[in-house]
Amino acid sequence: MTDTAPTATDRFEITAPHRELLDQVLDRWSLAVLNELCDAPARFSTLRRAIPAVTQKSLTATLRRLERNGIVERVVLSTRPVAVEYRITPLGKTLRPPVDVILAWAHEHMPRIEDARRRFDDEMDGTPGIGA
């Protein structure tokens, strides 16, 4: 086993603004929305169909958070009736590489993670009162 003590350069610096941003742009629904918008702009109803588990209220809140953080833009289309389309911004597109790295890490290590989960769950099943 290697030493896991952080050095001055290894240490994560997660300040409150960083934590808030990560919570707002890397949550379950934000990642699903970004996945859809990376392919093409979409209207609200299209996003609802593409992400059937999300409620209207959650999708609205997610889009507002992403818009507030400059990740998504809301564009009013001059059609009859007026329509709104959501697009990923240039800033939002810069999220793709780090998310891809995290997904690649998860894919590579998933068997070890699943083993660890099984061992943990097996230990918890035999230990009354722990985790309850």
Side-chain angles (χ1 to χ4, degrees):
M1 182 167 201
T2 60
D3 182 27
T4 58
T7 64
T9 58
D10 293 353
R11 189 164 160 72
F12 285 129
E13 290 297 328
I14 303 175
T15 64
H18 292 122
R19 183 173 307 281
E20 178 185 15
L21 175 66
L22 293 174
D23 287 346
Q24 290 180 3
V25 285
L26 297 179
D27 69 336
R28 175 183 182 183
W29 301 127
S30 294
L31 288 174
V33 166
L34 291 172
N35 187 50
E36 294 302 320
L37 295 180
C38 277
D39 291 336
R43 292 175 62 177
F44 187 91
S45 58
T46 304
L47 290 171
R48 278 290 311 272
R49 283 191 299 278
I51 313 167
V54 70
T55 64
Q56 181 172 337
K57 181 178 178 182
S58 292
L59 182 55
T60 299
T62 297
L63 288 165
R64 284 186 182 152
R65 277 194 312 272
L66 292 172
E67 186 179 6
R68 178 176 182 256
N69 285 293
I71 306 302
V72 165
E73 65 182 342
R74 182 180 184 270
V75 178
V76 178
L77 305 174
S78 58
T79 58
R80 290 245 185 249
V82 173
V84 173
E85 184 176 78
Y86 294 92
R87 299 176 184 170
I88 193 162
T89 64
L91 177 62
K93 288 179 183 180
T94 66
L95 276 172
R96 184 71 188 245
V99 170
D100 284 345
V101 168
I102 292 169
L103 291 174
W105 176 88
H107 179 74
E108 179 182 342
H109 296 287
M110 193 53 68
R112 291 174 53 198
I113 293 166
E114 288 171 347
D115 287 343
R117 288 174 176 173
R118 260 190 303 280
R119 283 192 310 276
F120 180 89
D121 292 345
D122 289 347
E123 288 175 14
M124 289 298 108
D125 287 345
T127 310
I130 303 287

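Everything numeric here is computed off the predicted structure, so don't read it as measured data. Basis for what follows: all heavy atoms, side chains included, without hydrogens, waters or symmetry-related copies.
- Note: the hydrophobic cluster containing V75 does not contain V33 (ILVMFWY, side chain heavy atoms under 4.5 Å, direct or indirect links).
- Among all heavy-atom pairs drawn from S58 and V54, the shortest one is CB-CG2, 3.7 Å.
- Look at D115 and R118 and you find a salt bridge, because one of the NZ, NE, NH1 or NH2 atoms lies within 4.0 Å of a carboxylate O, short of that distance.
- Other residues, nucleotides and ligands place no more than 12 heavy atoms under 6.0 Å from the CZ atom of R96.
- Within a 6.0 Å sphere centred on NE2 of H18, other residues, nucleotides and ligands contribute 12 heavy atoms or fewer.
- Side chain of N35 to main chain of L31: no donor-acceptor pair is present (N/O by atom type, distance under 3.5 Å, no hydrogens or angles).
- The shortest side-chain heavy-atom distance between L59 and F44 falls under the 4.5 Å cut-off.
- Of all heavy-atom pairs between N69 and L91, the closest is O-CD2, 3.8 Å.
- With rounding to the nearest 0.5 Å, the separation of CZ in R48 from CZ in R43 is 14.5 Å.
- For the pair E67 and R74, the tightest heavy-atom approach, listed with the atom from each and the gap, is OE2-CB, 3.5 Å.
- Within the model, atoms CG of D23 and OG of S30 stand 10.0 Å from one another, a figure rounded to the nearest 0.5 Å.
- In terms of hydrophobic clustering, with Ile, Leu, Val, Met, Phe, Trp and Tyr side chains grouped at heavy-atom distances under 4.5 Å, M110 and I102 are assigned to different clusters.
- In the hydrophobic clustering of this structure, V76 groups with L37; members are Ile, Leu, Val, Met, Phe, Trp, Tyr whose side-chain heavy atoms approach within less than 4.5 Å, directly or through other members.
- No option in T62, I71, L26, V99 other than I71 meets the side-chain contact (heavy atoms from CB on, under 4.5 Å) test with L34.
- Here the closest heavy-atom approach between residue L66 and residue Q24 is recorded as CD2-O, 4.3 Å.
- Cluster annotation: W29 and V84 are assigned to the same hydrophobic cluster (Ile/Leu/Val/Met/Phe/Trp/Tyr, side-chain heavy-atom contacts under 4.5 Å, transitive).
- In this structure, R117 CZ and M124 CE are separated by 15.5 Å, a value rounded to the nearest 0.5 Å.
- Following chains of ILVMFWY side-chain contacts shorter than 4.5 Å, one cannot reach I113 starting from V101, and the two form parts of different hydrophobic clusters.
- The CD atom of E20 lies 10.0 Å from the OG1 atom of T15; values are rounded to the nearest 0.5 Å.
- Between R19 and I14, the shortest heavy-atom contact is NH2-CG2, 3.7 Å.
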| request: Please test L95 against I88 for side-chain contact (heavy atoms from CB on, under 4.5 Å), starting from the C-alpha separation and ending with a verdict. | output: CA-CA 10 Å; L95 276 172; I88 193 162; over 6 Å; no
